[in-house]
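Chain identifiers are assigned alphabetically (A, B, ...) following the order of the sequence lines, protein sequences preceding nucleic acid strands; residue numbering begins at 1 within each chain. Heavy-atom basis, side chains included; hydrogens, waters and symmetry copies ignored.
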There are 2 protein chains.
Amino acid sequence: MDKNLLTKARNTLTKYLEENGRRKTPERYAILDTVFAMGGHFTLDMLGQKMEQDNFRVSRATIYNAINLFLKLRIVIKHNIQNESFYEVYSDDNHCHQICTVCGKVKEVQNADIYEFISNMRLKRFHQRGFNLYIYGVCSTCQAKITRKKTREKTKK
Amino acid sequence: MDKNLLTKARNTLTKYLEENGRRKTPERYAILDTVFAMGGHFTLDMLGQKMEQDNFRVSRATIYNAINLFLKLRIVIKHNIQNESFYEVYSDDNHCHQICTVCGKVKEVQNADIYEFISNMRLKRFHQRGFNLYIYGVCSTCQAKITRKKTREKTKK
DNA sequence: TTTACTGCAAATATTTTGCAATATC
DNA sequence: GATATTGCAAAATATTTGCAGTAAA
């Protein structure tokens, strides 16, 4: 995970807390560090487990509190994939995901053109800050399984 | 709401039910009709209320059952916006939304180019079926409020 | 010292599931 | 008649909230 991104996130958090009369609690910084240690998509359950492993005890409520703050500060983004909430570190190049609707696997798509295209869209009476693009379909692994299944069915007939 | 789309959706549903040994229950068709009567984004709560108004009693479990089937058949799509689930009829031109992160207002973006651009993206080892693009930002109404607030604060100092 | 934050438990909200009754095929 | 589906209630999940104790400022 990018170290600069973590430093930047810590600064964003500190700045916000100081400017808004809120407190720099160890919990908030520990949760932030764990978020960055997760690497990629994670659920709040996974985050909680990781913190337990690291022997840092925090309540669920505090995790929600921190994550909601991070969402607001755009330090993390949230994805809802097949009725489950996933989070990940927000960076400038991770808003484009391909999702297999069969196995649910998520992959980041690297395509500079799409970022440029969307960033340059001029929307009326709207000030764009960012975007999320989800491309749905079937990954090659699942496609292969489906094809094999179909072949078997035909053979039976 | 487009009548052809409803007819098409009814046919899709009927075809699926017949081909898979499942039953054409009045509930499923009533829920389908109500989905099309909703117009735009709706929550399952709103859908349930609408059906009650229309004097068609269905249990919550049946609504979930039907909606999950419709999702699978791509008759409806689901959006998760600020921790709430919204649904809408799936059509070829409703996958691009702008969302105000302040007031939560959602608007569909009409931009033919974006559909073409994304549809033509060639993804490795992945068979694309569709996409959802969410553009986040601040709508002009909220922007105006923020500006006014900032002006007041400066005046105070 | 003040009061924002945490942990805990309870409350609320959302979605799924088990099961008996019902209705489709 | 066989069994998929419904309604209901309970269970499982996910998230928020109230409150007393704690700790940051």
Side-chain angles (χ1 to χ4, degrees), chain A residues 10 13-35 41-52 54-73 75-88 104, chain B residues 10 13-35 41-49 51-52 54-73 75-87 104:
Chain A
R10 281 215 198 94
L13 177 58
T14 301
K15 187 161 176 277
Y16 176 83
L17 296 174
E18 286 177 349
E19 289 181 353
N20 292 274
R22 315 220 15 210
R23 289 176 183 170
K24 285 172 258 173
T25 64
E27 285 81 4
R28 282 180 173 147
Y29 287 92
I31 295 169
L32 185 66
D33 287 350
T34 312
V35 161
H41 286 215
F42 59 89
T43 62
L44 291 196
D45 232 51
M46 290 156 71
L47 181 76
Q49 271 177 268
K50 174 82 172 145
M51 297 200 74
E52 211 165 313
D54 296 348
N55 289 313
F56 195 105
R57 286 289 317 282
V58 266
S59 71
R60 195 114 274 241
T62 301
I63 292 181
Y64 274 102
N65 174 22
I67 286 288
N68 285 338
L69 180 58
F70 299 166
L71 282 172
K72 185 179 162 175
L73 297 178
I75 290 171
V76 302
I77 48 170
K78 180 178 178 177
H79 306 286
N80 283 87
I81 294 163
Q82 298 184 337
N83 267 351
E84 210 176 347
S85 297
F86 291 93
Y87 299 82
E88 74 177 316
Chain B
R10 282 216 198 95
L13 177 58
T14 301
K15 186 161 178 275
Y16 176 83
L17 296 174
E18 286 177 350
E19 288 181 353
N20 292 274
R22 314 216 20 207
R23 290 176 184 171
K24 285 171 260 171
T25 64
E27 285 80 5
R28 283 179 173 147
Y29 287 92
I31 295 169
L32 185 65
D33 288 350
T34 311
V35 161
H41 287 215
F42 59 89
T43 63
L44 290 196
D45 232 51
M46 289 156 71
L47 182 76
Q49 272 176 265
M51 297 199 73
E52 211 164 314
D54 296 349
N55 289 312
F56 195 106
R57 286 288 317 282
V58 266
S59 71
R60 194 114 272 244
T62 300
I63 291 181
Y64 274 101
N65 174 23
I67 286 288
N68 284 338
L69 180 58
F70 298 167
L71 281 172
K72 185 178 161 175
L73 298 178
I75 290 171
V76 302
I77 47 170
K78 179 179 177 177
H79 306 286
N80 283 87
I81 294 162
Q82 298 185 335
N83 267 351
E84 210 175 348
S85 297
F86 291 93
Y87 299 82

Student: Can you list the residues that meet the side chain to side chain donor-acceptor pair (under 3.5 Å) rule with A:R10, with sequence neighbours excluded?
Tutor: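 Here the qualifying residues are A:D33.
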Student: Taking heavy atoms of chain A and a 4.0 Å limit, find me the 5'-most and 3'-most nucleotide of DNA chain D within that range.
Tutor: D:dA14 to D:dA25
Student: Between atom CG in B:L69 and atom P in C:dT16, what is the gap in whole Å?
Tutor: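 The answer, rounded to whole Å, is 13 Å.
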Student: Nearest 0.5 Å, what's the CG-CD distance between B:D54 and B:Q49?
Tutor: 11.5 Å
Student: Could you list by number each residue of residues 77-85 of chain B showing a heavy-atom separation from DNA chain D of less than 4.0 Å, or answer none if no residue does?
Tutor: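 Residues of residues 77-85 of chain B under 4.0 Å from DNA chain D: B:N83.
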Student: What residues form a side chain to side chain donor-acceptor pair (under 3.5 Å) with B:N83, not counting sequence neighbours?
Tutor: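 Testing B:N83 for side chain to side chain donor-acceptor pair (under 3.5 Å), a comparison that skips the adjacent residues, returns A:K78.
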Student: Applying side chain to side chain contact (heavy atoms under 4.5 Å, CB included), name anything that partners B:T43, two or more places apart in sequence or on another chain.
Tutor: B:D45, B:M46, B:E84, B:F86
Student: Are any of the side-chain heavy atoms of B:Y29 and B:L17 separated by less than 4.5 Å?
Tutor: yes
Student: Give me the residues of residues 41-48 of chain B where at least one heavy atom lies under 4.0 Å from an atom of DNA chain D, by number, or none.
Tutor: none
Student: Among residues at least two apart in sequence or on other chains, which ones pass side chain to side chain contact (heavy atoms under 4.5 Å, CB included) with A:T62?
Tutor: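 Listed in chain order: A:E27, A:I31, A:V58, A:S59.
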Student: State the OG1-NZ distance between A:T34 and A:K50, to the nearest 0.5 angstrom.
Tutor: 7.5 Å
Student: Taking all atoms of both residues into account, what is the closest heavy-atom pair of A:V35 and A:L47, and its distance?
Tutor: N-CD1, 3.8 Å
Student: I'd like to check the side chain to side chain donor-acceptor pair (under 3.5 Å) partners of B:K72; sequence neighbours left out, ordered by chain and number.
Tutor: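 Partners of B:K72 under the side chain to side chain donor-acceptor pair (under 3.5 Å) test: B:Y16.
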Student: Sugar-phosphate means primed atoms, P, OP1 and OP2; the rest is base. With that split, encode nucleotides 4-9 of chain C 5' to 3' as B, S or - using protein heavy atoms under 4.0 Å.
Tutor: BSSBB-
Student: What distance do B:Y87 atom OH and B:H41 atom NE2 have between them, rounded to the nearest 0.5 Å?
Tutor: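 Atom-to-atom, B:Y87:OH and B:H41:NE2 are 12.5 Å apart.
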Student: A:R60 side chain to A:G48 main-chain N or O, any donor-acceptor pair under 3.5 Å?
Tutor: no
Student: How sharply is the helix from C:dT1-D:dA25 to C:dC25-D:dG1 bent, taking the axes over five pairs at either end and rounding to 10 degrees?
Tutor: 40°
Student: Residues two or more places apart in sequence or in another chain: which of them pass side chain to side chain donor-acceptor pair (under 3.5 Å) with B:E18?
Tutor: B:K24
Student: Would you name the heavy atoms of B:S85 and B:N80 that are closest together and state the gap between them?
Tutor: OG-ND2, 3.2 Å
Student: Under 3.5 Å, side-chain donor or acceptor atoms of residues 63-70 of chain A against the rest of the protein: list the pairs with distances, not counting sequence neighbours.
Tutor:
residue	atom	partner	partner atom	Å
A:N68	ND2	A:Y64	O	3.3

Student: Which residue lies toward the 5' end of DNA chain C, B:Y64 or B:K24, if each is placed at its nearest nucleotide?
Tutor: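 On the 5' side of the pair lies B:Y64.
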Student: Without swapping roles, check the side chain of B:R28 against the backbone of B:R23 for a donor-acceptor pair under 3.5 Å.
Tutor: yes
